[in-house]
Protein chains: 2
Amino acid sequence: MNQVSQTSCGISKVMSQLGGKWKFLIIWRIHQNEGIRFNQLQRDTNGITNVMLNRCLKELTQDGFVLRKDFHSVPPHVEYYLTKQGKSFIKIMEAMNDWGENNL
Amino acid sequence: MNQVSQTSCGISKVMSQLGGKWKFLIIWRIHQNEGIRFNQLQRDTNGITNVMLNRCLKELTQDGFVLRKDFHSVPPHVEYYLTKQGKSFIKIMEAMNDWGENNL
DNA sequence: CCGTATCCTCCTTGATACTG
DNA sequence: CAGTATCAAGGAGGATACGG
């Protein structure tokens, strides 16, 4: 019989880094607007708080999905981009977005 | 289980139905073993409890991703399959699984 | 503008026991 | 075998205030 191994699979790995309520959406928003800034990103991401947005961005940056470009100016100016790894995930998200629009 | 606003984009819609800790994985396991039974599915899904598995299966069935085939026998015999809609989501999960294996 | 620091709530998940 | 019924815990996420 088609016994499935219990060891972690690609799906588990993806979920462990992108799971939670916000990260998919944040990646998607940055993709739609590369170089987006913090406050704009917050406005675009259905009701996320600045605390959660900052926490997620920090983790996404550490995990190599997001690039944080700080202009070290006053007042602060920070832009967010997808890294190469982040961009490589986008084609999956595009498929997912299309699927969601058409099937749900 | 997970309330991301369903209004804005396909990603949000997908997340609102498949968000949370387990559903992606459950769909993936059923895909790997169509007709799988409850206890086997629990064993295959890294440490999920029967309570959570049952809850997720119920929601996935209601949302049209999973088909529950009950043989009404004693002892009980229930098999789980993906619906047409569930199967239509698999190509995205395959891409995601491959991506996870190669990039994480 | 872009965060940080606290504190707190509630919801998901888990543990345990039980049943047709 | 395939669930239900409870109750508890933990942590993700939220509210609010403050700072460089």
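Protein chains get the first letters and strands the later ones, always in sequence-line order, with residue 1 at the start of each. Please read these numbers as outputs of a predicted model, since none were measured by experiment.
Distance B/F71 CZ to D/dA2 C1': 14 Å, rounded to the nearest Å. When rounded to the nearest whole Å, the span between NZ of B/K69 and P of D/dA2 equals 14 Å. Here the C1' atom of nucleotide C/dC1 and the NE2 atom of A/H72 are 14 Å apart, to the nearest Å. Following rounding to the nearest Å, A/N46 (CG) and D/dG13 (P) show an atom-to-atom distance of 14 Å. The CE-C1' distance, from A/M52 to D/dA12, rounds to 6 Å in whole Å. Between the CH2 atom of B/W22 and the P atom of C/dT13 there is a distance of 8 Å, rounded to whole Å. With rounding to whole Å, B/L53 atom CG is found 14 Å from C/dG14 atom C1'.
For D/dA12, the OP1/OP2 oxygens have no side-chain nitrogen or oxygen of B/K21 closer than 4.0 Å. Phosphate proximity of C/dC2 to A/R37: present, with a side-chain N or O under 4.0 Å from OP1 or OP2.
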(request) Could you encode protein contacts along nucleotides 3-11 of chain D as a string, one character per nucleotide from 5' to 3', using B for base contact, S for sugar-phosphate-only contact and - for no contact, with a heavy-atom cut-off of under 4.0 Å? (result) BBB------
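A salt bridge is defined here as a Lys NZ or Arg NE, NH1 or NH2 lying under 4.0 Å from an Asp or Glu carboxylate O, and B/K23 with B/E59 meets this definition.
The nearest heavy atom of DNA chain C to B/I48 and to A/P75 marks one nucleotide each, and the one closer to the 5' end goes with A/P75.
B/L67 and B/F65 fall into different hydrophobic clusters, where Ile, Leu, Val, Met, Phe, Trp and Tyr residues are linked whenever their side-chain heavy atoms come under 4.5 Å apart, directly or through other members.
Residues B/Q40 and B/R37 have side chains that never bring a donor and an acceptor to within less than 3.5 angstrom of each other. A/W99 and B/S88 share a donor-acceptor pair across their side chains, judged by distance under 3.5 Å alone.
Note on ring orientation: taking the six-membered ring where Trp is involved, the planes of B/Y80 and B/F38 are tilted (angle from 30° to 60°).
Residue A/L25 forms a side-chain contact (heavy atoms from CB on, under 4.5 Å) with just one option from A/I30, A/T45, A/I48, and that option is A/T45.
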